[in-house]
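Below: one structure, written as structure tokens.
Atoms within a ligand are numbered from 1 in the order they appear, just like the ligands themselves.
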Amino acid sequence: MQKTTAQLLENPQLLQLESDKLLKRFSSSLKTLAKQSFPAFQSRLQQVLPKLLQLYLTLYGNQYDCYYQLEQLLKLLAKSSAQRPDYLQQQDLQQEQQHWHQSAQALGAACYVDLFADNFEGLANRIPYLQQTGINYLHLMPLFKAPVPNSDGGYAVSDYRDTMPELGTMPQLALLMQQLHQQGIKPVLDFVFNHTSDEHRWAKLAKAGNAEYRDYYFFLTEQERDQFAPCLREIFPEIRRGCFTQDPDSKCWIWTTFNSFQWDLNYANPQVFNAMAEEMLFLSNQGAAVLRLDALAFVWKEAGTGCENLPKAHLLIQAFNAVARIAAPALQFKSEAIVHPDEVVKYIAPGECQLSYNPLLMALLWNSLATRKTRLLSESLRRRFEIDPHCSWVNYIRCHDDIGWTFDDEVARQLGINPDHHRQFLNQFYTGQFPGSFAKGVPFQQNPVTGDCRVAGMLASLAGVEQAQLEGHALHLQHALARIYLLNSVILSIGGLPLLYMGDELGLLNDYSYQEDPVKKDDSRWVNRVKLDSQQLLAAQSKTSSSGQIYQQLQHLITTRASLPETGSGTTRILTSDNPHLFSYQRELAGKTLLCLVNFSEQPQLCQQLPAGLWVDQLTGQHYQGSVVQLSAYQVLWLRR
Ligand code: GLC
Ligand code: GLC
């Protein structure tokens, strides 16, 4: 007798039987499609199908054509498995390699291809520079075909299978990614799956009135829109109020969380899931080792909710993960959830995203530099640093976006900090308006109603280099460089994959030229998307410039870290410091301990609780003994017994 969806979902045995039945039914057609890859494909399918079926039924069991859509999905998995290049199939077999991100040598970087190297060919020529820096994971920022001139920095994708012509072609990109693999660098691409651009083929068909493709998006009546609108957060309030854009022809309201030319996809439609799964596997088969799941918090919508971080968003991502396990097992996901810390961690699991940005660490490192205090940092991380041992944080200081102050208000209040006032202070501080501030950042997206605001800027400008150079103040410059060293030291030792934002390794400053560009002037994040030329890369070796100093100090941290296995795999313990200006944590691995002490102030500070033993600072070789240690301005110690 036919079982209902509810019965299947309740009973794992029934689910297994159903999955076996499906396998038998489709086996011969899948075999034809998967070609030589069939044996490996089939064995993975057998393993993962019960999970995929469970997720698919939970998401789409209420659709009349759920099983038909599932069949289509399985066929595309088989097809894509057949198309997977040999070198990637080899990687699929090396399951023991899947924890590469937990090595003390693992080091990531992100760059825009055009800003870093003009085009794909130029990027291939920069591989030696990447290797010299120690980079083995490279996120190539969105490079897909996108509307001209404005595409939200590439995050409005018009075709996932085509590139911006000035960068090169898709086959050239595939070649570049293979080359990167050969040179030991894992290529990372964006999976911009919450929305497409309004120039995507699907969007054009929808605009022309094609009913099938209108269902790929949200075309809402005013009444329907109003069931959602009141609960939604505005992401780009300076550019446009609300989250909807009116279609001039049909007068319908199209869901556009970000810019009006970025149309949110409707994942309640299984056809959208299948179509995007196909695009995802295409990107993986071009060579992407990791996909960065862009704006993943927004992918599922339900009336009466904020439409962020909904339970079904997680199920949807798990379903994409199951798809990857079957058809591209070496592929891993990185979560881009820049949301409340309690929500950020929910995306991190071997069956969901193996990697995740760590926005809490990012925001609170900046916070501690502004306040010279570490309580909020320590207390917040104590609660929200631990994740599944098979997964890794991606620890970063800056990226192509703004800095949002996404700490937990509750933790702040417990420490006597008023979260709203404190965020205002941080915005004032990092835009250089607070008296005594060292930072030169730019406000991003001031919300006229909530007063909310974020900050944009390059690492060096936010850390004080720009201002110190304007003042010609040697001590201020020294402090600014020490802040950069400090920040780098933490992301390199606290546990997780450190991610550099290209340009920051050389301390490049803000680029204000966006203000004269009519297309960019309303998006201040362009201040921290700067061009690197070969002259600037040469500065890496200079003994006298700030760039050279920043780069060489970073190199010192990177090579020291590489020799300390406990900075790679191992566990982190955030310690309680007896001095409010010090941040301390330790990494532990197989009985070995690395104790890290960081002074967040420009005054010397005492740590009076050094545990007994003879300690050697791995960064300087200096010895410490006795319970009291003095740290100089912004000093960092990596101590081992
Ligand atoms: C992500 C990107 C950001 C983009 C947004 C919309 O947050 O990092 O740059 O504006 O998604 O795609
Ligand atoms: C992201 C975040 C938001 C961020 C923005 C890009 O998805 O949720 O905080 O600032 O998009 O600017």
Side-chain angles (χ1 to χ4, degrees), residues 108 110-115 139-147 149-158 160 188-200 203 217 232-240 243 245 254-265 267 276 279 283 290-299 301 307-309 313 317 333-340 343-344 347 353 355-359 362-363 394 396-406 442 444-445 452 454-458 499 501-502 514 519-520 522-530:
C111 68
Y112 281 99
V113 176
D114 57 340
L115 297 179
H139 173 200
L140 303 172
M141 302 286 301
L143 35 73
F144 306 105
K145 189 94 185 252
N150 193 358
S151 62
D152 188 23
Y155 282 100
V157 177
S158 304
Y160 298 92
V188 182
L189 292 182
D190 280 275
F191 183 41
V192 187
F193 72 125
N194 175 68
H195 44 265
T196 72
S197 92
D198 61 351
E199 293 183 7
H200 192 283
Y217 301 95
L232 304 179
R233 178 162 74 106
E234 296 178 290
I235 305 298
F236 294 151
E238 275 181 16
I239 292 174
R240 190 225 27 215
C243 296
T245 304
I254 301 170
W255 201 311
T256 54
T257 299
F258 297 92
N259 289 286
S260 49
F261 51 84
Q262 288 165 297
W263 291 12
D264 287 47
L265 285 163
Y267 278 99
M276 285 308 289
E279 302 310 294
L283 295 178
V290 175
L291 289 177
R292 170 189 179 278
L293 267 47
D294 182 65
L296 82 181
F298 300 89
V299 292
K301 278 78 166 154
C307 298
E308 277 186 62
N309 308 308
I317 297 158
F333 290 161
K334 173 166 75 161
S335 157
E336 191 244 347
I338 315 300
V339 291
H340 190 284
E343 300 297 337
V344 173
Y347 293 94
C353 294
L355 299 164
S356 166
Y357 279 103
N358 192 346
M362 185 278 291
V394 174
Y396 67 115
I397 304 169
R398 286 298 296 119
C399 69
H400 67 290
D401 278 334
D402 45 292
I403 302 179
W405 307 108
T406 57
V442 179
F444 178 68
Q445 299 301 323
D452 184 36
R454 284 114 75 189
V455 175
M458 289 295 283
L499 180 72
Y501 179 58
M502 290 319 269
Y514 78 98
V519 177
K520 295 179 177 166
D522 294 326
D523 188 336
S524 61
R525 291 174 297 173
W526 286 103
V527 84
N528 51 254
R529 298 171 181 174
V530 311

On a heavy-atom basis, I'd like to know which of [options] is closest to [atom].
{"atom": "atom 7 (O) of ligand 1", "options": "His195, Met141, Glu336", "value": "Glu336"}
{"atom": "atom 11 (O) of ligand 1", "options": "Asp294, Asp402, Asn259, Asn194", "value": "Asp294"}
{"atom": "atom 10 (O) of ligand 1", "options": "Leu293, Val157, Asp401, Asp152", "value": "Asp152"}

Out of all atoms in ligand 1, which are within 4.0 Å of some heavy atom of [X]? Include the element for each.
{"X": "Phe236", "value": "10 (O)"}
{"X": "Phe258", "value": "5 (C), 6 (C)"}
{"X": "His400", "value": "2 (C), 3 (C), 8 (O), 9 (O)"}
{"X": "Arg292", "value": "2 (C), 8 (O)"}
{"X": "Arg525", "value": "3 (C), 4 (C), 9 (O), 10 (O)"}

Query - Side-chain ion pair, Arg529 and Asp401, N-O less than 4.0 Å - result: yes
Query raised in the report: Pick one: which of Phe144, Tyr160, Trp263, Tyr217 meets ring-ring contact (aromatic ring centres under 6.0 Å, His included) with His200?
Result: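 Result for ring-ring contact (aromatic ring centres under 6.0 Å, His included) with His200: Tyr160.
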Query raised in the report: Any side-chain donor-acceptor pair under 3.5 Å between Asp152 and Gln262?
Result: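 Looking only at side-chain atoms, Gln262 and Asp152 do form a donor-acceptor pair, the distance falling under 3.5 Å.
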Query raised in the report: Roughly how far apart are Leu293 CG and Ser356 OG, rounded to 0.5 Å?
Result: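 That separation rounds to 10.5 Å.
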Requested in this report: Evaluate the side chain to side chain contact (heavy atoms under 4.5 Å, CB included) criterion for residues Phe261 and Thr245: first the C-alpha distance (whole Å), next the side-chain angles of each, then the deciding distance (0.1 Å), finally the verdict.
Outcome: CA-CA 9 Å; Phe261 51 84; Thr245 304; over 6 Å; no
Query - Closest contact, heavy atoms only, Ser158 versus Ser197 - result: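 So the two residues come closest at OG-OG, 2.8 Å.
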